[in-house]
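Report on one structure; see the data block that follows.
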Amino acid sequence: MKMSDLERHLHRGPPGEGFHRETCKKAAPASPAVAAVSCADPAQPSGWAGPHRRWCRVCKAESWRRPSMENADVAQVLAEVADLLELTGGNAFKARAYRQAAQIVDLLPTPVSELWREGKLTELPSIGERIAAHIEELLNTGRFREHDQLLAKVPPGVLELLKVEGIGPKTASLAWKRLRVKELAALVKACRDGSMEKLPRMGAKRVAAILLALERYQARKGRVPLHRALATAESIAERLRKVPHVRAAEVAGSIRRRRETIGDIDLLVAATGADEVIRAFREAPEVETLTATGPTKCTARLKSGLQADLRIVPPESFGAALHYFTGSKAHNIELRTRAMRRGLKLSEYGVFDRQGKRLGGETEQDVYRAVGLPWIPPELREGAGELEAAEEGRLPRLIEEKDVRGDLHVHSEASSDAHSSLEELCKEAGRLGREYLAITDHSKSRPLGLDAVQMRAHALAIQRFGLQREEAPRLLTGVEVDILQDGTLDLPLDVLQGLDWVVASIHSHFTDPPGKITQRMIAAMRSGVVDVLGHPGGRQLGLRDAYAFDFEKVLEVARAERVALEVNAMPERLDLDDKHCRLAKDAGVALVISTDAHHASQLGNLRYGVWMARRGWLERGDVLNTLGPRQLEARLHRPRHFGTHIELRASL
DNA sequence: GCCGTTTTCGGCCCGACTGTTTTCAGTCG
Ligand SMILES: Nc1nc2c(ncn2[C@H]2C[C@H](O)[C@@H](COP(=O)(O)OP(=O)(O)OP(=O)(O)O)O2)c(=O)[nH]1
Ligand SMILES: [Mg+2]
Ligand SMILES: [Mg+2]
Ligand SMILES: [Zn+2]
């Protein structure tokens with residue numbers, strides 16, 4: 001069988017959506033038809049054996065990375081029910097209820113299975129008796145009856161039609177019922193042979209647009225990490241600010257909320273007229289073509305492949321529009337519903353009373369004030385309980401970048417994958433205002449990593465270099481020591497004890513069973529010498545999911561042993577992530593935000609970690625490196641006087 | 001299906017753009 005590129009793509013998920021690509025070798029792109037019913041397709045819950053053990057259909061190997069029905073899986077099924085209801089002409093509001101429930105579960109930091117055990121499911125907003133029962137069935141058996149019944153009615157390929165831009169439930173259902181279109185390939189055919197064009201409300205232009213959208217769907221890249229969209233977005237915003245009659249231009253959407261990944265770029269402009277703004281936008285070097293334009297907004301495809309939405313509003317609506325365009329959608333709906341209950345109407349144009357009289361909208365504060373709430377920072381606007389917290393005066397006072405005083409995970413050229421000298425690191429860190437810097441190079445299990453003798457010598461060198469410096473930052477001797485497969489550390493304990501700061505990280509055997517990963521972390525934390533667990537989740541965006549380890553257990557031990565957890569600020573790590581930050585905070589475990597810089601230029605990445613921490617509701621007091629060096633020493637589990645150990649040892 | 005300082009029944013956020021349409025449905029943000 002020969003497959004066209006299009007068909008090939010139709011059977012394969014986009015990069016980054018795979019389930020356990022690392023462990024399943026057989027579901028390679030070479031056999032795309034097989035991959036369609038294997039681990040590559042999250043829309044196939046029937047391919048999984050149940051809630052506690054799952055196997056990849058292709059290679060029959062147990063998928064350790066996803067050992068049970070996780071929140072994302074439950075959310076996925078509920079959202080699918082919403083799609084199925086719409087496709088089968090069910091009640092649109094019922095569909096929306098399922099979609100809302102899915103969104104709530106997806107944002108939950110706590111495992112939904114835990115809430116179910118505690119009988120707390122119906123305490124969640126948008127989850128009533130019915131959906132709670134479905135979730136229970138899902139957790140117990142990996143499926144539920146209503147979902148199965150709907151699946152039996154709708155061919156699986158029809159669900160995928162919905163992912164094509166411009167195709168919604170009505171179009172998909174028409175194509176399916178009238179033309180027997182059951183998959184993307186059949187849709188392409190129906191568009192080409194003229195049958196699609198004959199459907200109601202279809203025409204030549206619609207069909208051409210769908211064909212184009214199908215091609216883009218093949219080439220789709222999925223979401224991109226925040227840092228890859230941020231510079232582009234800000235550069236376009238900067239250009240728009242210079243356009244005549246533009247009062248303000250801001251980046252909105254998920255970028256302003258600092259989500260770890262970004263679906264598109266959203267830009268808001270306050271101006272008296274839109275034409276000039278749109279013209280400047282079209283001519284921006286990043287922009288390829290405009291795919292839609294109107295008097296108040298337009299959409300562009302960028303050369304990078306990303307999409308950018310531009311919205312233009314009159315200056316008096318800027319605050320309301322910034323609120324609208326920052327989202328999230330769930331946050332907007334919640335706030336608009338709240339306004340409605342108070343007899344008000346909230347839109348991107350402002351807040352209006354029953355008579356349609358405008359009550360405000362120039363600033364975001366106007367919007368929140370009108371519904372009796374304090375301003376909510378964008379990082380919290382996910383619809384994950386922030387409105388309730390605001391109502392009750394429980395909004396956190398979020399940590400800020402300027403609160404962070406030192407960086408406790410930095411590599412020098414003594415690490416084979418890093419490239420800056422102590423001198424270069426200090427200079428840049430000083431420029432950034434850091435008061436202290438822990439030099440934490442790799443231990444011997446990593447290529448060219450330090451053994452015990454080298455570690456001692458390196459620590460001495462760091463200390464000598466530090467002593468000859470007058471100005472900030474202060475240097476701490478440290479290491480990023482590997483946690484080996486058996487849970488022991490890669491350097492002798494007495495060597496580690498002689499250091500100011502010990503980061504312990506897992507860099508090998510990620511695919512071990514999650515229980516084993518958990519045990520390795522616990523053993524490391526119980527060594528008595530570890531200060532912080534480095535990049536605890538082990539994920540790398542677009543490359544590797546986090547381990548399916550027992551985070552609750554890790555938190556318990558971290559608290560008991562007074563070991564901190566890292567918020568690694570590398571833009572492709574961001575680990576711990578926002579939800580895990582929130583759980584750690586609630587468990588009373590301290591966090592450390594670190595750049596893990598491998599070059600002086602990466603010391604500025606700290607902000608990405610701070611943003612993640614803010615999304616995790618962290619305050620200054622939750623983060624150890626907001627302390628000065630003396631205060632930090634006092635907080636550690638074993639006595640420490642930064643900068644003295646090696647000297648003492650040397651003088652013995 | 002969920003939910004309640006109007007409601008336990010009857011609502012469910014609100015608006016822009018496109019292509020089809022002869023007044024608006026569908027999709028998206
Ligand atoms: N009121 C309301 N606002 C919406 C709706 N859909 C989107 N928005 C607002 C909130 C979103 O954050 C904003 C931008 O839309 P996007 O689709 O780009 O979503 P967002 O940027 O949040 O996430 P993304 O990373 O792009 O997937 O528009 C909606 O259905 N109702
Ligand atoms: Mg967006
Ligand atoms: Mg958008
Ligand atoms: Zn590391």
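Note that the structure is predicted; figures quoted are calculated from it, not measured. Naming convention: chains lettered A, B, ... in sequence-line order (proteins, then strands); numbering from 1 in each chain.
Here A:T293 lies in heavy-atom contact (under 4.0 Å) with sugar-phosphate atoms only. Looking at heavy-atom distances under 4.0 Å, A:E348 makes contact with sugar-phosphate atoms alone, never a base. Using a 4.0 Å heavy-atom criterion, one finds that A:Q307 contacts the sugar-phosphate atoms exclusively. As judged by a 4.0 angstrom heavy-atom cut-off over every strand, A:Y324 is placed among the base-contacting residues. Residue contacts shown for A:L346 are limited to sugar-phosphate atoms, with no base heavy atom under 4.0 Å away. Residue contacts shown for A:I131 are limited to sugar-phosphate atoms, with no base heavy atom under 4.0 Å away. Note on A:D264: nothing from the nucleic acid sits closer than 4.0 angstrom, heavy atoms only. Nucleic acid contact class of A:R342 (heavy atoms, under 4.0 Å, all strands): none. Within 4.0 Å (heavy atoms only), A:N332 reaches no atom of the nucleic acid at all. In this structure, A:A321 reaches neither bases nor backbone, as no heavy-atom distance under 4.0 Å exists between it and the strands shown. Here A:P169 lies in heavy-atom contact (under 4.0 Å) with sugar-phosphate atoms only. Among the heavy atoms of the strands lying under 4.0 Å from A:R201 is at least one base atom, whether or not backbone atoms are also near.
A sub-4.0 Å separation between OP1 or OP2 of B:dT27 and a side-chain N or O of A:T171 is present. Side-chain nitrogen and oxygen atoms of A:T299 include none within less than 4.0 Å of the OP1 or OP2 phosphate oxygen of B:dC17. Considering only side-chain N and O atoms, A:K345 lies under 4.0 angstrom from the phosphate OP1 or OP2 of B:dG15.
When the P atom is compared between B:dC17 and B:dT22, the two are found 23 Å apart, to the nearest whole Å. Taking the C1' atom of each, B:dC24 and B:dT6 are spaced 33 Å apart, rounded to whole Å. For B:dG10 and B:dT18, the P atoms lie 40 Å apart once the distance is rounded to whole Å. Nucleotides B:dT21 and B:dG26 place their P atoms 13 Å apart, quoted to the nearest Å. B:dA16 and B:dT20 have their P atoms separated by 22 Å, with the value rounded to a whole Å. Taking atom C1' on both B:dG4 and B:dT8, the two are 8 Å apart, rounded to the nearest angstrom. Going from the P atom of B:dC9 to that of B:dT23 covers 39 Å, rounded to whole Å. One P atom belongs to B:dT27, the other to B:dG11, and the distance between them is 25 Å to the nearest Å.
Under a 4.0 Å N-O distance rule, the pair A:R256/A:D266 does not qualify as a salt bridge. Taking the charged nitrogens against the carboxylate oxygens, A:K170 and A:E86 have no contact shorter than 4.0 Å, which rules out a salt bridge. Look at A:R241 and A:E238 and you find a salt bridge, because one of the NZ, NE, NH1 or NH2 atoms lies within 4.0 Å of a carboxylate O, short of that distance. The pair A:R301-A:E286 fails the salt-bridge criterion, with no side-chain N (NZ, NE, NH1 or NH2) lying under 4.0 Å from an Asp/Glu carboxylate O. Between A:E382 and A:R615, at least one side-chain N (NZ, or NE/NH1/NH2) sits under 4.0 Å from a carboxylate O, which counts as a salt bridge. Taking a cutoff of 4.0 Å between a charged side-chain nitrogen and a carboxylate oxygen, A:E197 and A:R192 do not qualify as a salt bridge.
Nearest-nucleotide positions on DNA chain B place A:Q100 closer to the 5' end than the other of A:P200 and A:Q100. DNA chain B is contacted by both A:E129 and A:K170; A:E129 maps to the nucleotide lying nearer its 5′ end (nearest heavy atom per residue).
For A:A292, whose side chain is taken as the heavy atoms from C-beta onward, the closest listed nucleotide among B:dC13, B:dT18, B:dC2 is B:dT18. Closest to the side chain of A:K329, out of B:dC2, B:dC13, B:dG29, is B:dC13. Candidate nucleotides B:dA16, B:dC14, B:dG29 were compared by shortest atom distance to the side chain of A:D309, and B:dG29 ranks first. Among the nucleotides B:dT18, B:dT20, B:dG29, the one closest to the side chain of A:D266 is B:dG29.
Atom CZ in A:R341 sits roughly 11 Å away from atom C1' in B:dT5 (whole-Å rounding). Note: CG (A:L199) to P (B:dG19) measures 17 Å, nearest angstrom. At whole-Å resolution of the value, CG in A:L212 and C1' in B:dT18 are 15 Å apart. Separating the CD1 atom of A:I262 from the P atom of B:dG29 is a distance of 14 Å, rounded to the nearest angstrom. Put simply, CD on A:E123 is 15 Å from P on B:dC2, counting in whole angstrom units. Rounding to whole angstrom units, NZ of residue A:K198 and C1' of B:dT20 are separated by 17 Å. We find that NE2 of A:H331 is positioned 16 Å from C1' of B:dG29, with the value rounded to whole Å. Atom NZ of A:K205 is separated from atom C1' of B:dT27 by 17 Å (rounded to the nearest Å).
Not a single donor-acceptor contact under 3.5 angstrom links the side-chain atoms of A:R96 to the base of B:dC12.
The line from CH2 of A:W617 to CG of A:L398 is 8.5 Å long, rounded to the nearest 0.5 Å.
Of all nucleotides present, none satisfies the Watson-Crick or G-U wobble test against B:dT8 with each distance under 3.5 Å.
Of the possible polar contacts, none joining the A:E276 side chain to the A:G273 backbone as a donor-acceptor pair under 3.5 Å is found.
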